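Keep in mind that this is a model prediction, so the values were computed, not measured. To find a chain, count down the sequence lines: A is the first, B the second, and so on, and within it residues start at 1. Side chains included, hydrogens not; waters and symmetry mates left out as well; all remaining heavy atoms used.
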Amino acid sequence: MAKHEQDFLTIGSFHCRSRLLVGTGKYKDFDETQKAVEASGAEVVTVAIRRTNLGQDQNAPNLLDYLSPEKYILLPNTAGCYTVKDAVRTCQLARELLEGHPLVKLEVLGNEKTLFPDVVQTLTAAEILVRDGFQVMVYTNDDPIVAKQLEEVGCVAVMPLAAPIGSGLGIQNRYNLLTIIEQANVPIIVDAGVGTASDASIAMELGCDGVLMNTAIAAAKDPVLMARAMKLAIESGRYAMLAGRMPKRRYANASSPLKNQITD
Amino acid sequence: MPRFQVRRVYMTESILITLNGQPKEVLAGISLDQLIADLALHERRFAVEVNEHVVPKSQLSKICLSVHDKVEIVVAIGGG
């Protein structure tokens, strides 16, 4: 098998082939969610934890009827949490809901407008959760110091944002991302801010281990088609990185031989 | 006689708790699994918290509610 064919992504105790991780929010309905997730080829799928609606029809389907925990590696998130306490509570509820499944996506937000992470609280929450046996994939900013600290407290993956959640702006600070990748001993997964296929490819070409996205697919005019595009983008970016790109040059370097031209 | 009457009052006494952020009257001492059955919650996958502590499913029949208890019942939904 060629090297790129044995190219698994290992996050904590979980292994997957796909380096595209997707969210399940903002879709039109469960059917569209399921089709888009399938088209993406993603194996890791994020979910949110929220109060059940006690008034509604109790026979209404649940998301997990469409995205079975048997087929997918579910990644419950702490979206909307602004404190350590709320993030930790949410993770404990998620673990109980998913019958002991230890993987969580930790996010502790600092601002409603930007949804940037409060990295100080994030670090504190990460330490608590790691000690409690969770495998923590942690949403953070593109600060290499914080990224390393999150790795050192025991997170199984560090997930720096490309740009604000849902902004679609693409990677805003590729050199910081490069530094984070170079110094990391855990998978680095770009999470948040991806807008289109090239953003995902660039992340993979820089050396990221994977990309997590939600809005880029769900808010596309054709989400299922965008999911396919993203699958290919992740693969092509990864192969390009493994292939070792050509160096950049200041000046031209002809592609056809200079000798024996009829114009000599 | 009086003691029997006091016990009957206790069993039909209603208490106010908070359920998913809303006030709710329930029978004093009701167990969590009875509360869930009364709510006709058919969700297969959910988790329960009382006063900010997760209650394992195996303990739902053993935890009984008191006045002012805060109960949260959560499920997984779409999110990024």
Side-chain angles (χ1 to χ4, degrees), chain A residues 21-27 29-30 32-33 37 45-55 57-60 62-67 69 74-80 85-86 88-100 105 107 139 165-166 191-192 212-218, chain B residues 11-80:
Chain A
L21 294 69
V22 298
T24 53
K26 294 177 170 173
Y27 286 100
D29 52 40
F30 287 151
E32 186 181 72
T33 313
V37 170
V45 165
T46 69
V47 296
I49 304 296
R50 291 288 181 267
R51 288 171 170 162
T52 188
N53 187 337
L54 294 164
D57 172 22
Q58 293 303 332
N59 291 317
N62 178 270
L63 175 68
L64 301 193
D65 298 330
Y66 287 76
L67 296 170
L74 293 186
L75 183 56
N77 68 22
T78 66
K85 182 159 137 190
D86 287 346
V88 171
R89 275 171 70 193
T90 303
C91 289
Q92 288 169 342
L93 281 162
R95 183 165 60 178
E96 177 59 32
L97 196 158
L98 295 173
E99 293 163 359
K105 171 177 155 173
E107 43 186 294
Y139 163 72
I165 293 170
D191 174 19
L212 175 56
M213 66 178 75
N214 189 158
T215 310
I217 296 175
Chain B
M11 283 177 66
T12 57
E13 181 190 335
S14 236
I15 56 168
L16 199 59
I17 63 162
T18 306
L19 174 59
N20 282 6
Q22 298 300 316
K24 182 157 182 76
E25 278 204 349
V26 299
L27 280 178
I30 190 173
S31 66
L32 279 172
D33 67 338
Q34 186 60 56
L35 173 66
I36 287 163
D38 290 350
L39 293 169
L41 191 76
H42 294 304
E43 293 277 3
R44 270 196 303 147
R45 293 185 189 88
F46 61 90
V48 183
E49 202 194 50
V50 176
N51 299 333
E52 301 180 353
H53 293 286
V54 174
V55 178
K57 288 235 175 48
S58 57
Q59 301 296 309
L60 289 176
S61 60
K62 303 196 176 97
I63 304 291
C64 297
L65 295 176
S66 312
V67 66
H68 303 317
D69 275 347
K70 274 177 50 190
V71 179
E72 299 281 352
I73 304 177
V74 298
V75 292
I77 64 160

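When each of A:P69, A:G23, A:A48, A:G166 is checked for heavy-atom pairs under 4.5 Å with chain B, A:A48 comes out on top. In terms of heavy-atom pairs under 4.5 Å with chain A, the best-connected choice from B:N20, B:V55, B:V48 is B:N20. In terms of non-hydrogen atom pairs under 4.5 Å with chain B, the most contact-rich of A:L75, A:L63, A:L21, A:L67 is A:L63. Considering only heavy-atom pairs separated by less than 4.5 Å from chain B, the leading option among A:V45, A:T33, A:N214, A:L97 is A:L97. Considering only heavy-atom pairs separated by less than 4.5 Å from chain B, the leading option among A:L64, A:L212, A:L93 is A:L93. When each of A:V47, A:I165, A:T215, A:D191 is scored by its heavy-atom pairs under 4.5 Å with chain B, the top score falls to A:V47. Per-residue heavy-atom pair counts under 4.5 Å with chain A were compared for B:G21, B:P56, B:G78, and the maximum is reached by B:G78.
Side-chain atoms of A:E96 come within 3.5 Å of backbone atoms of B:K57 as a donor-acceptor pair (strictly under, hydrogens ignored). Remark: side-chain polar atoms of A:N77 are paired, donor with acceptor, to backbone N or O of B:G80 under 3.5 angstrom.
Summarising the geometry, atom NE2 belonging to B:H53 is positioned 9.0 Å from atom CD belonging to A:Q92; distances are rounded to the nearest 0.5 Å. In this structure, NZ in B:K24 is found 7.5 Å from CG in A:L54, a value given to the nearest 0.5 Å.
Heavy atoms closer than 4.5 Å to chain B are found in the side chain of A:E107, but not in its backbone. Proximity to chain B is absent for every atom of A:K26, based on heavy atoms less than 4.5 angstrom apart.
Proximity to chain A among residues 68-77 of chain B is limited to B:E72, B:I73, B:V74, B:V75, B:A76, B:I77, judged by heavy-atom separations below 4.5 angstrom.
Residues A:D65 and B:R44 meet the side-chain proximity criterion, which asks for heavy atoms closer than 4.5 Å.
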